[in-house]
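This one's a predicted model, so the numbers in the text were calculated from it and none came from an experiment. Counting convention: from 1, in listed order, for ligands and their atoms alike.
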Amino acid sequence: MSTGIVTGAANGIGAACARAFAGAGWDLVLVDRDEGQLVQAASACGAGVEILAGDVTDRSVNAAAVTRAEDRFGGVDAVVANAGVNLARSIDDTGDEDIERLFAVNVRAVIYLAQAAHRALSRTAGSLVIMASKTGLVAQRDSPIYCATKGAAIQLARALALDWAPEGIRVNAVCPGIVDTPMLESFFDQLPDPERARAESATAQPLGRLARPEECAAAALFLVSEGASFITGVALPVDGGFTAE
Ligand code: NAD
């Protein structure tokens with residue numbers, strides 16, 4: 001039996017990761033600040049699930065997730081650093097609070113989780129997946145701070161892949177394109193013409209539709225699986241061909 005930790009597991013891609021991992025027989029510690037939705041997401045996963053309500057920008061929440069996995073399930077085989085926030089705003093209109101919030105959740109919290117889980121992953125020769133974004137590979141208009149955080153997340157994955165390879169720990173990033181989740185709705189709502197953005201986004205990806213959260217979860221599950229045993233340091237687009245253009 002394998003044990004995983006998924007952050008941002010209450011909604012969207014994180015909740016889909018929880019369902020996918022649970023369906024593959026994993027025990028899980030699910031972390032999110034949205035306790036109500038987290039309880040609901042956990043109930044879709046069956047037994048072998050622990051929930052931890054908290055903010056991942058708090059270092060102690062990440063440490064507690066690892067401790068919970070070790071105490072309840074005996075170790076950590078995989079970590080999915082998925083919690084994230086977006087911001088559709090020009091650089092001129094972005095204040096200190098927004099800059100701090102985006103880097104805190106999308107970068108600093110991922111570093112905290114990696115630090116907290118390093119020893120546990122070393123013991124199991126486990127795997128870390130960072131849910132980055134295609135916006136870390138190619139830029140997107142109107143979201144400079146978000147793009148910067150996702151670029152940082154991808155480089156963090158690559159750098160840790162090098163540093164942790166001698167311990168047998170693999171580290172990879174998943175780079176979703178436009179995915180049908182609550183985050184996408186909040187992104188549209190921040191734009192001047194949400195209806196137009198909604199309509200255009202469906203056709204922006206060569207496969208001609210939005211991604212489903214389950215398609216990103218499947219990539220994460222693959223990357224932590226034995227089938228990916230020689231894959232480390234990659235940034236895997238799940239974007240319907242967007243970054244191929
Ligand atoms: P979502 O908003 O639907 O879900 C994100 C979850 O993270 C929420 O449950 C939220 O409560 C949680 N979260 C946010 N900040 C937190 C914090 N500080 N502490 C604890 N939990 C916190 O988002 P999603 O679309 O499922 O995105 C998941 C990941 O995928 C994010 O990192 C996002 O940047 C990335 N991503 C999403 C898309 C997309 O189109 N939806 C595209 C590319 C990348």
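If you take CZ on Arg101 and CG on Asn106, they are separated by 9.0 Å, rounding to the nearest 0.5 Å. In this structure, CD1 in Ile51 is found 4.5 Å from CG in Leu38, a value given to the nearest 0.5 Å. For the atom pair CH2 of Trp164 and OG1 of Thr232, the computed distance is 10.0 Å after rounding to the nearest 0.5 Å. Here the CG-CD distance, from Leu160 to Gln115, works out to 9.5 Å after rounding to the nearest 0.5 Å. How far CZ of Arg198 is from CG of Asp180: 10.0 Å, rounded to the nearest 0.5 Å.
Protein heavy atom in closest approach to atom 34 (O) of ligand 1: Tyr146 OH, 2.6 Å. Counting protein heavy atoms only, atom 40 (O) of ligand 1 is closest to Val179 N, 2.8 Å. Among all non-hydrogen protein atoms, the one lying nearest atom 25 (O) of ligand 1 is Thr181 OG1, 2.5 Å. Protein heavy atom nearest atom 8 (C) of ligand 1, with residue, atom name and distance: Asp32 OD2, 3.5 Å. Scanning the protein for heavy atoms near atom 31 (C) of ligand 1, the closest one is Asn82 O, 3.2 Å. Counting only heavy atoms of the protein, atom 2 (O) of ligand 1 lies nearest to Met183 CB, 3.3 Å.
Close approach of ligand 1 to Gly54 is summarised as follows: ligand atoms under 4.0 Å from at least one heavy atom of the residue are 19 (N), 20 (C). Each of the following atoms of ligand 1 lies closer than 4.0 Å to a heavy atom of Ile178: 40 (O). Taking a cut-off of under 4.0 Å to the non-hydrogen atoms of Lys150, the atoms of ligand 1 that pass are 31 (C), 32 (O), 33 (C), 34 (O). Those atoms of ligand 1 with a heavy atom of Met131 less than 4.0 angstrom away are 29 (C), 30 (O), 32 (O). Below 4.0 Å from some heavy atom of Val105 lie the following atoms of ligand 1, by number and element: 15 (N), 18 (N).
Taking a 4.0 Å cut-off on heavy atoms, Gly177 registers as neighbouring ligand 1. Contact annotation: Ala9 has no heavy atom less than 4.0 Å from any atom of ligand 1. Using a 4.0 Å cutoff on heavy atoms, Lys134 does not count as a contact of ligand 1. A heavy-atom separation below 4.0 Å is found between Ala132 and ligand 1.
Of the options Gln40, Gln37, Met183, a side chain to side chain contact (heavy atoms under 4.5 Å, CB included) to Asn11 is made by Gln37 and by none of the others.
Remark: among candidates Asp180, Val85, Ile13, the nearest residue to atom 26 (O) of ligand 1 is Ile13, based on non-hydrogen atoms.
A pairwise comparison of heavy atoms in Leu210 and Gln205 identifies CA-NE2, 3.7 Å as the closest pair.
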